[in-house]
Amino acid sequence: MADAEEPMAVDGGHRDGGCDWDGRWNHVKKFLERPGPFTHPDFEPSTEALSGFRLIHVVDMDTIDVSNLNRQFLFRSKDVGRPKAEVAADFINSRIPGCKVVPHFKKIQDFDDSFYRQFHIIVCGLDSIIARRWMNGMLISLLSYEDGVLDPSSIIPLIDGGTEGLKGNARVILPGMTACIDCTLELYPPQINFPMCTIASMPRLPEHCIEYARILQWPKEKAFGGNLDGDNPEHIQWVFERAQERAAEFNITGVTYRLTQGVVKRIIPAVASTNAVIAAACATEVFKIATSAYIPLNNYMVFNDVDGLYTYTFEAERKENCSACSQVPQDLQFSPSAKLQEVLEYLTENASLQMKSPAITTTLEGKNKTLYLQSVKSIEERTRPNLCKTLKELGLSDGQELAVADVTTPQTVLFKLNFTT
Amino acid sequence: IMAATKASKEQKYDRQLRLWGDHGQESLENAHVCLINATATGTEILKNLVLPGIGAFTIVDGHTVSGEDVGNNFFLSNNSIGKNRAQAATELLQELNSDVSGNFVEESPDKLLDNDPEFFHRFTIVIGVQLPESTCLRLGSVLWSASVPFLVCKSYGLIGYMRLAVQEHTVIESHPDNALEDLRLYQPFAEFKNHIQSYDLDSMDKKDHSHTPWIIIVAKHLEKWLSEHNCQPPKNYKEKEAFRQFIREGILKNENGVPEDEENFEEAIKNVNTALNPTKIPSAVEDLFNCEQCNITSQSPSFWVMLQAVKEFALKEGNGSLPVRGTIPDMIADSQKFINLQNVYREKAMQDAAAVSKHVERLLQSVGKVCCSHCIANCKHLCWRLGKNAFFLRVVRCRSLAEEYSVDSVNKDEITSSMDNPDSEMVFYLMFRAVDRFYQQHSRYPGVYNYQVEDDISKLKLCVNSLLQEYSLNVNIKDDYIHEFCRYGAAEPHTVAAFLGGSAAQEAIKIISHQFVPFNNTFIYNAMSQTSATLQL
C-alpha cells in the first residue's frame, strides 16, 4: 500500500449528467434501489442517491520510486521522482470521468483539525504504526461530548488497511464507539532491533555485519559527509562493502547487496495481489458506510494466502482505559524516590503506550515547566539532568498532572501521578 | 542493454523478489496466461499478473464493450464502447508493464472450443471469468485432459467465487509460516556429536560459559539425562520441567552462590519444549513416499524423481531421517562458537544433498536418461534446495469439474455437513449452482431488471429445488438467500471484483512458480460479512 491517507467526501445526490453514459451505474444501482434481507436496518432504497465517489482528497508525503512499480498501478516509470499524490490524482481524474481527486503532497501531520473535519470518511494505507496512531488521535480529538454523551455527528469513520508480503488486515474504526488503534496496540509487537553488544563485538548473522556498518562505521567515517540515505545506491554500496569486510573477519557468509538494502531500509516484501485484496476490502467498507446499504465490518479482518487463502474476522474490543480513546485519565504509579528516567522508560516500553520520544511537562507554582524534552537539542541538554533526579526532588507531588506529548498522538496525553510507598 | 534491463528489472521487482526469489520470477516471465472474458473481475486479476511481470497474456473475449462494462471496469474507457472487449482491455492492461506481451482473441470461448480446442494447450494456466456453466464444463474437460491448470472465477453481487482444477500440483518451496527447526538434538549425527564433545562446560571460564550456544547446552544436558534415564528423553510435562530445572542448575554461581546472569541458559530452558522433538518424517511426506508416482519411469516429472531420491536417502544414508535442513536460528553466543556450530549443520546438509543428488542421477540413469555435467550441477543445486524444504513438500490434487458436477461423485458429505449451519458460505456455492441453472433455462440471469426481481424469486427457487433434488441433497436454503441473489441482478461491483482479482492472481502465481501452496479447491468470499471459506468439492 502507498503511504497515503485518503479522506473522501461523497458527493451525495449530485448528478453531473454530462459525464455519465448509458448503463454507467448498472453494477452499483441495484444495491441502492432495491430492498433486501441483509441490508442495514437504516437502509432506505432510493433511485435518487446514486453517484460515484466524486470528491476525494489524497495526502501522501512520498515521491515515486522504481520499486513501487511492481504494485502501485497508478504510476509508470516516467513518473519516478514525482509526488505520489499528484500522479495518482492525475491518473484517476483522467481515467474516471466526473471523479475529482485533490492531491496533497504533504505529511498527514501537516494538517490540523480544520482540514480533517471536512470529510465523511477517512481511509488509510499508511506504512507505520506511528502515523496510524496520529490519525487515530486526530479523529478522536474531533469528537464532541455533551454532558458525557458522544455526539454521533462528530464521528468520522476511519478505515485502515495494511499489508506485509502475503498477509494483510483491514479494519473499521468508529472513533469513540469501537476499538481504536491504541486499544489494540498489543496486536502490533514493537519492532525488534539487534542488541548493540552483538553488533559491536559478537556478530553472528550477515544482518549484524550490515548494522555494524550502518550504525557504527558510517557515523564515524562520515562517508558521504552526511546522513545515510537508504535510497542512494552509492550509500548502500558503501555499507555493503564494509559489511562484507566485517563478515569476512568473522567467517560469516550471506552478505549480499539485496540483504544490505533490506536491512538498511527495513524493507518488507510487497506484491500487487495482497495489496489489491486489502484495498478492495477497505473500499467495500467505504461503500457500505457511505450508502448505509449494509452493516459495516465489525470490525477487524485478517488475511493470509501463504497456504490456500485464510481470513479471520473478529470484533476487536475497546480498552477500558485506552490512552487514546477512553476518557479515563491515565495513571502513573511511582515511588517519590523514583527517578524521572524510570517514568520515561515506562512511557516508551509499556506495551499499551509504546511512545517514541515523549516530552514531559507539568505545572509547578502556577508556571509551565518542561521536565524533559528530546526533540530540541538545546532543551534536551538543559533538561537532561532532570532524568537523574527523583520525582520528589523535581518538586512533584501526589496527584500531580503530567502532560506528555509524542509523535504517536496529535494531542497531549494527561497523566496523573500516584505516589506509591 | 541486456545488463541494464536486467538491473532495472531487479529494482522494479525488488519487493516481490524477496518473496519468491529470482528463480520464481523467471518462472513468471516464462508463463503465458489466458484470461477468458475481460470483465472487471477478469481485468483486476490480470492487472495483478501483469504488474509482477508474467511473460505474456492472451485475452479471449467475444463481447463488445457496453456502457455497463465501462462503469465497473478500470481497464475500459467510454471511448471503448462498441469495440471488442478483449482488444480494449488489452490496450489498458498492456500499458501497466512493457515487459509483458499482451495479446487478444476476438472470439467467444465456445467458438474456440468448437473449432480449435487445442488453442488452449499452449497456456501455463487458463483463468475463466463469469462463464456460463456449459462453457465452463466444456473448457474444464479440455484443460483437464491437457493437464493445463484451470482457475474459474466469478463475482456476483457481494459474493466472490474461485475454483481451481488441476490434476496434480507439486510444491517443493511451500514457505510454511511457523516451521519447527531441524536441530537433530535427539540422536545427533556423528559430526554434531563430535562437535558437542569438543565442549566441556565444567572447565570453561565465565565468558565462554555465558556465550555457549543454547543448542550445545541442551545437547550436553540431554547426554547426561539419557545416561541416567535409560536412554529415554524427557517426554511429558513433568519430565520436561525436571529437565529445564536440570539445565538451570548448570548456570554458574558467583562466590555467594547466587546464579549469574546467563542469557544463553535462559534460551536453552525456553527452547526445551520444542527442541527435543524427535526428527520424525512428517506424515504428509510419508504419504508422498507411498504414492505410486514414486515408481520412476522416463515420463516421471522431476518432482517425483527427487521425491523418490529423498525416500531412498531416508532409507539408506539418512538412517530413517530426511536430509538435514542445515539452518539454525540466531542465539546468544560468541561469533566463533555460533559459526562453528552453524557450519556443522551446513556441511551435513550439503553432504546429505549430495547423497540425494547421487540417488537422482542413479534413478535417471535407470530409466535411460544420461546426465551431462550441466545437468549434474543443476541437480546438485536443486537437491540443495530440496534438502532445505524436505519437511515441507506438498502435493495438491484438485478434483475435476466433471467429478464435482457428476451426480455419482458429487461431494454430498462436504455439502450437507457444511449446511448444518444454514448460513455457512456453502449456501452461496449452492446459490451459484442454482443461478447457473436459471441461466440455462431462461438464457438470462435472475433480477437483472427491477421489474423482474419479484417473479424471478419464485423461478430461482424452482431452480434451487431442482438442484437439491437432482443431487439428493437434504439441505435447506433459506428464502433470504434466494431473494438476495435475485436482488444482485448479476451485478459485478468493482470492489468485489478487485478482492477476487488479488486472490486469484496470487493463486495463479502459486501455480506458475510452484511456490507457496494453492487452495483446494473452492473459495467463497462474502463481502457483506468480510468472511470467506475454502471448500473441497
Side-chain angles (χ1 to χ4, degrees), chain A residues 21-28 30-31 33-38 66-67 69-71 73 76-77 95 97 165-166 170 202-205 250-252 258 261-262 267-281 283-285 287 294-295 297 301 304-309 311 313, chain B residues 8 11-16 18-19 44 47-48 51-52 66-68 70-72 74 77-78 81 96 174-177 330 333-335 338-339 450 453 480 483-484 487-489 491-496 498-499 501-503 505-506 509 516-520 523 527-532 534:
Chain A
W21 54 86
D22 224 28
R24 179 175 190 183
W25 306 114
N26 282 4
H27 290 285
V28 174
K30 291 161 202 187
F31 297 98
E33 293 175 350
R34 302 173 176 187
F38 298 106
V66 64
S67 66
L69 302 179
N70 79 323
R71 64 200 184 279
F73 64 96
R76 302 287 175 270
S77 45
R95 181 68 61 93
L166 298 186
M202 225 172 282
R204 297 176 295 269
L205 304 179
F250 290 88
N251 291 314
I252 296 170
R258 190 179 285 169
Q261 199 183 33
I267 291 177
I268 295 171
V271 288
S273 60
T274 321
N275 284 294
V277 167
I278 297 301
T284 293
E285 293 310 309
F287 173 78
Y294 286 91
I295 299 170
L297 166 65
M301 180 189 84
N304 181 339
D305 65 350
V306 167
D307 186 343
L309 302 111
T311 65
T313 310
Chain B
S8 79
Q11 275 189 302
K12 179 162 76 165
Y13 298 135
D14 178 80
R15 300 300 188 267
Q16 68 202 37
R18 289 167 193 276
L19 271 183
E44 287 300 315
K47 150 186 160 282
N48 296 318
L51 286 170
S66 67
E68 181 178 280
V70 183
N72 74 342
F74 196 77
S77 71
N78 45 5
I81 295 176
L96 284 172
S174 57
H175 304 294
D177 255 339
D330 191 25
D334 64 54
S335 311
F338 180 83
I339 298 299
N450 286 349
V453 178
D480 279 349
H483 180 176
E484 184 74 355
R487 174 172 182 263
Y488 289 156
E492 188 188 12
H494 181 266
T495 62
V496 179
F499 189 101
S503 304
Q506 195 56 40
I509 290 173
F516 304 95
V517 183
F519 73 109
N520 184 1
F523 176 76
M528 295 188 284
S529 58
Q530 299 282 23
T531 56
S532 72
T534 299

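Values below: every heavy atom of this structure, side chains too, minus hydrogens, waters and symmetry copies. On a predicted model such as this, the values are computed, not experimentally measured, just so you know. Labels below follow one simple rule: chain letters A, B, ... track the order of the sequence lines, proteins then strands, and each chain is numbered from 1.
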Cation-aromatic face contact A:K30/B:Y488, 6.0 Å, 45 degrees:
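That pair does not qualify as a cation-pi contact.
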
Is the shortest heavy-atom distance from the side chain of [X] to the side chain of [Y] under 4.5 Å?
X	Y	result
B:S503	A:L309	yes
A:S67	B:R15	yes
B:D177	A:V306	yes
A:M202	B:F338	no

Quick check on A:R204 against chain B: is it the side chain, the backbone, both or neither that has a heavy atom closer than 4.5 Å?
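Contact with chain B: backbone and side chain both.
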
So which part of A:P97 gets closer than 4.5 Å to some heavy atom of chain B, the side chain, the backbone, both or neither?
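Contact with chain B is through the side chain of A:P97 alone.
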
For the side chain of [X] and the backbone of [Y], is there at least one donor-acceptor N/O pair under 3.5 Å apart?
X	Y	value
B:S335	A:F250	no
A:H27	B:P493	no
A:R24	B:G71	no

Other residues, nucleotides and ligands only: do more than 12 of their heavy atoms fall within 6.0 Å of CG on A:D22?
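Result for CG/A:D22: open.
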
Decide whether A:N26 and B:N72 meet the rule of one side-chain donor and one side-chain acceptor closer than 3.5 Å.
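No.
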
Return yes if a side-chain donor-acceptor contact under 3.5 Å exists between B:Q506 and A:D305, otherwise no.
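The criterion, which ignores hydrogens and geometry beyond distance, is not satisfied for A:D305 and B:Q506.
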
Minimum heavy-atom distance B:L51-A:N70, with the two atoms named
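Where B:L51 meets A:N70 most closely, the heavy atoms are CB-O, 3.3 Å.
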
Rounded to the nearest 0.5 Å, what separation is found between the CD atom of B:Q16 and the CG atom of A:L166?
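One gets 11.0 Å once the value is rounded to the nearest 0.5 Å.
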
